[in-house]
Protein chains: 2
Amino acid sequence: MKSSLTLEQQICFQLYTASKELTRLYRPILAPLNLTYSQYLVMLVLWEEDNIDMKQLGDRLTLDSGTLSPLVKRLMQLDYVEKIRATDDERRVVLSLTPVGSALREQAEEVPLKVSGMLNIDEATYVAYMEMLIDIKARLRDFREREG
Amino acid sequence: MKSSLTLEQQICFQLYTASKELTRLYRPILAPLNLTYSQYLVMLVLWEEDNIDMKQLGDRLTLDSGTLSPLVKRLMQLDYVEKIRATDDERRVVLSLTPVGSALREQAEEVPLKVSGMLNIDEATYVAYMEMLIDIKARLRDFREREG
DNA sequence: TATAATTAGATTGTGCACAACTTAATCGTC
DNA sequence: GACGATTAAGTTGTGCACAATCTAATTATA
């Protein structure tokens with residue numbers, strides 16, 4: 001199936017541009033918080049579960065230390081986050097929210113609301129779309145487990 | 001709706017990771033063609049319509065010259081593409097396929113087949129997913145036209 | 001027809017994504 | 001307890017994405 005080489009007919013292209021354009025929507029919303037989109041994702045994880053190490057963070061976001069190390073350094077410069085080396089296992093570095101980073105959560109609460117307002121999407125459609133995206137990822141994971 | 005700050009419940013996160021993981025699927029497939037994913041998209045456009053200028057290319061891919069200029073430079077180093085300054089309007093630079101770049105198309109024909117095989121997805125689901133992504137983009141465009 | 005505004009493309013700078021590699025700590029096995 | 005294997009985090013290098021700025025060509029307008 002789908003052997004055409006036409007750009008618009010390839011799901012990869014639609015995913016790629018949809019993701020880019022949605023990220024673009026976030027940019028002006030996140031600018032007042034001094035966060036890039038990726039930094040926002042890191043903050044989301046920390047607001048949900050404080051005091052996690054780089055490894056756990058990377059697992060949640062599917063990002064490796066090469067991406068996260070400099071990114072977290074910038075969050076530290078903003079005084080949103082701090083790093084403490086774990087005492088039980090000295091390889092681990094535990095991330096925790098500073099008071100400033102914690103307080104930012106209140107402002108961030110409005111972000112999802114703003115975004116879904118902009119998308120102008122009803123709950124049922126939203127959920128259906130989420131499920132499709134999760135399904136795409138499941139298929140990718142299945143393949144990797146099958147032969148990757 | 002959807003005011004939760006949970007990572008997994010945000011459509012942006014699902015789109016972001018799905019796009020990244022699908023791109024990761026392409027990497028080993030495109031490696032033998034010596035192409036990155038973005039370079040592959042540029043080649044797709046050129047195989048579809050040769051002799052277009054940077055502006056048209058950027059419009060198709062929603063990429064600006066800051067991204068495309070260095071990317072196309074790399075495609076030139078691979079001898080896949082060449083640039084010729086247009087005579088009618090000397091600001092324009094027309095991109096065309098070299099014989100090598102043209103010949104590569106044959107190998108590339110197999111890429112979409114391989115990918116859908118890996119995704120293990122039936123035609124109807126594929127089409128439904130494409131429509132979802134196109135709809136998300138349409139909503140984003142609607143918003144931008146409304147007030148962006 | 002001067003000149004102001006617009007346009008195409010390139011360049012610079014910042015930040016993300018990821019592969020490959022390094023260092024240091026921990027674990028497993030003997 | 002010694003030592004090879006594994007693991008967490010960081011660093012380096014490449015390439016993409018995009019904002020801001022620059023140059024040169026074209027178009028619009030006074």
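A note on names: the letters A, B, ... follow the listed sequences, proteins ahead of strands, and every chain is numbered from 1.
Using a 4.0 Å heavy-atom criterion, one finds that A:T67 contacts the bases of the nucleic acid, with or without backbone contacts as well. Here B:T62 lies in heavy-atom contact (under 4.0 Å) with sugar-phosphate atoms only. As judged by a 4.0 angstrom heavy-atom cut-off over every strand, A:D64 is placed among the base-contacting residues. The residue B:L68 sits apart from the nucleic acid: no heavy atom pair falls under 4.0 Å. Base contact: A:S65 has a heavy atom under 4.0 Å from a base atom. Counting non-hydrogen atoms under 4.0 angstrom, B:D88 reaches the backbone sugars and phosphates but no base.
Whole-Å rounding puts the B:L95 CG to C:dA8 P distance at 14 Å. Separating the CZ atom of A:R92 from the C1' atom of D:dT6 is a distance of 16 Å, rounded to the nearest angstrom. Between B:R91 atom CZ and D:dT23 atom P there is a gap of 17 Å when expressed in whole angstrom units. Remark: C1' of D:dA17 and CZ of A:R24 are 11 Å apart, rounded to the nearest angstrom. With rounding to whole Å, B:R85 atom CZ is found 8 Å from C:dG9 atom P. Rounded to a whole Å, the OH atom of B:Y16 is 8 Å from the C1' atom of C:dC16. The separation between B:L71 atom CG and D:dA17 atom P is 7 Å, rounded to whole Å. What separates NZ of B:K73 from P of C:dA10 is a distance of 8 Å, to the nearest Å.
By the 4.5 Å heavy-atom criterion applied to side chains, B:F13 and A:L44 are not counted as neighbours. The shortest distance between side-chain heavy atoms of B:W47 and B:L97 falls below 4.5 Å.
The same ILVMFWY cluster, assembled from side-chain heavy atoms under 4.5 Å apart, contains both B:V100 and B:V111.
Just one residue in the list A:Y37, A:Y40, A:Y26 forms a ring-ring contact (aromatic ring centres under 6.0 Å, His included) with B:Y16, and that residue is A:Y37. For the salt bridge (Lys or Arg N to Asp or Glu O under 4.0 Å) test with A:D88, the passing option among A:R91, A:R92, A:R85 is A:R92; the others fail.
Taking 4.0 angstrom as the limit, B:K83 places a side-chain polar atom (N or O) nearer than this to OP1 or OP2 of C:dA10.
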What donor-acceptor contacts under 3.5 angstrom involve side-chain atoms of residues 67-74 of chain A, with partners at least two apart or in another chain?
| unit_1 | atom_1 | unit_2 | atom_2 | d |
| --- | --- | --- | --- | --- |
| A:T67 | OG1 | A:D64 | OD1 | 3.4 |
| A:S69 | OG | A:S65 | O | 3.1 |

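Of the residues in residues 38-58 of chain A, those lying under 4.0 Å from DNA chain D by heavy-atom distance are A:D53, A:M54, A:K55.
Comparing A:R27 and A:V93 by the nucleotide of DNA chain D whose heavy atom lies nearest to each, the residue mapping closer to the 5' end is A:V93.
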